[in-house]
Amino acid sequence: GDVYKRQVSKPRVLIVVPTLGRRLDYLALCLESIASQGVDVDIALVAPITSELQALAERFNASLTADPGSLTKAINAGVSQRLDHHEFVNWLGDDDLLTPGSLKLTIAALDSNPEAVVSYGACRYIDGDGNELWVSKAGPWASRILSWGPDLIPQPGMLVRSNAWRAVCGVDESYRFAFDLELLLKLKKIGTLIDVGEVVSCFRWHADSLTVGD
């Protein structure tokens, strides 16, 4: 048994999934998209403690932390579970998805570019049934115009070096929207943001989404 334990690799990636547990079907798809990446990854579910969410956490071998009351607090609470072997972190909305191979691409990009603090890719927008609507793909231009233009870096699917996340103190809990842009602007001050040139995530465009509602 001890030999087996020593051979088990420690996941380099921690993905936080904040949720209120109101869309369990979407949440299960989200968790499946993370768990099926083909790389070792730890999942931190931050949610109300209910029997349904406890069952989902067990199904996907995820930790479960009680919802602290806001999205930004939930994200920071999830990332606060980061361990020394978690080199990379991010969060994923409970109705969004990572595309197959997403983490292999974003991890490889950061491994190949030691000065980079974020890797990102294009995002496929999908409807409530999972049908493609359009693809957001600004490429390397997205990081260049970040300081003065629109935020074209899709948050779903990006990956942040954990020591950089810690250096900028995570997301600003005083924001309700645009906290991902604020995070990226802080990160850009300490390193580069690199595009992997592929679709790495799916953003579900539906009426219940915070972003769509706003």
- Step by step, work out the side-chain contact (heavy atoms from CB on, under 4.5 Å) result for Cys30 and Leu92. CA-CA 8 Å; Cys30 169; Leu92 190 64; 3.7 Å; yes
Below 4.5 Å, heavy atoms only, C-beta onward: do [X] and [Y] meet side chain to side chain?
X: His85; Y: Asp42; value: yes
X: Leu110; Y: Arg12; value: no
X: Trp165; Y: Asn76; value: yes
X: Tyr120; Y: Leu184; value: no
X: Val160; Y: Val79; value: no

Is there a path from [X] to [Y] through hydrophobic residues (I, L, V, M, F, W, Y) whose side chains come within less than 4.5 Å of each other?
X: Leu187; Y: Val171; value: yes
X: Leu105; Y: Leu103; value: no
X: Ile190; Y: Val118; value: yes
X: Ile34; Y: Leu24; value: yes
X: Ile75; Y: Val17; value: no

Test your reading of the model: is there a side-chain donor-acceptor pair from [X] to the backbone of [Y], 3.5 Å cut-off?
X: Asp195; Y: Gly197; value: yes
X: Asp172; Y: Phe179; value: no
X: Thr99; Y: Val199; value: yes
X: Glu198; Y: Gly121; value: no
X: Arg161; Y: Ala116; value: yes
X: Arg204; Y: Gly128; value: yes
X: Asn131; Y: Asp127; value: no
X: Lys186; Y: Gly170; value: yes

For [X] versus [Y], what's the shortest heavy-atom pair and its separation?
X: Ser201; Y: Pro156; answer: OG-O, 2.7 Å
X: Asn90; Y: Met158; answer: ND2-O, 2.6 Å
X: Ser33; Y: Leu98; answer: OG-N, 3.0 Å
X: Gly157; Y: Val200; answer: O-CG2, 3.7 Å

- Would you sort out whether Leu183 and Val168 count as a side-chain contact (heavy atoms from CB on, under 4.5 Å), showing the intermediate values? CA-CA 8 Å; Leu183 173 67; Val168 301; 3.9 Å; yes
To the closest 0.5 Å, what do you measure between [atom1] ([X]) and [atom2] ([Y])?
X: Cys123; Y: Ile153; atom1: SG; atom2: CD1; result: 12.5 Å
X: Asn163; Y: Arg82; atom1: CG; atom2: CZ; result: 8.0 Å
X: Leu31; Y: Ile15; atom1: CG; atom2: CD1; result: 11.5 Å
X: Lys188; Y: Leu193; atom1: NZ; atom2: CG; result: 7.0 Å
X: Leu97; Y: Phe203; atom1: CG; atom2: CZ; result: 11.5 Å
X: Leu14; Y: Leu83; atom1: CG; atom2: CG; result: 8.0 Å

- Task: Output all residues satisfying salt bridge (Lys or Arg N to Asp or Glu O under 4.0 Å) with Arg124, sequence neighbours left out; order by chain, then residue number.
- Result: Glu132
- Task: List for me each residue that meets salt bridge (Lys or Arg N to Asp or Glu O under 4.0 Å) alongside Asp94, sequence neighbours excluded, and say none if there are none.
- Result: Arg23
- Query: Would you call the rings of Tyr125 and Trp134 parallel, tilted or perpendicular, where under 30° means parallel and over 60° means perpendicular?
  - Reply: parallel
- Task: Look at atom CG of Asp84 and say whether more than 12 heavy atoms of other residues, nucleotides or ligands are closer to it than 6.0 Å.
- Result: no
- Quick one: do Glu182 and Leu185 satisfy side-chain contact (heavy atoms from CB on, under 4.5 Å)? Show the steps, please. CA-CA 5 Å; Glu182 196 266 348; Leu185 289 172; 5.7 Å; no
- Criterion side-chain contact (heavy atoms from CB on, under 4.5 Å) on Gln155 and Trp91, from CA distance to verdict: CA-CA 8 Å; Gln155 180 276 318; Trp91 76 94; 3.3 Å; yes
Counting only pairs under 3.5 Å, give me each side-chain donor-acceptor contact of residues 43-71, with atom names and distances, residues two or more places apart or in other chains.
| from | atom 1 | to | atom 2 | distance (Å) |
| --- | --- | --- | --- | --- |
| Thr50 | OG1 | Leu53 | N | 3.1 |
| Ser63 | OG | Gln81 | OE1 | 2.9 |
| Thr65 | OG1 | Gln81 | NE2 | 2.5 |
| Asp67 | OD1 | Gly69 | N | 3.3 |
| Ser70 | OG | Thr72 | OG1 | 3.4 |
| Ser70 | OG | Lys73 | N | 3.2 |

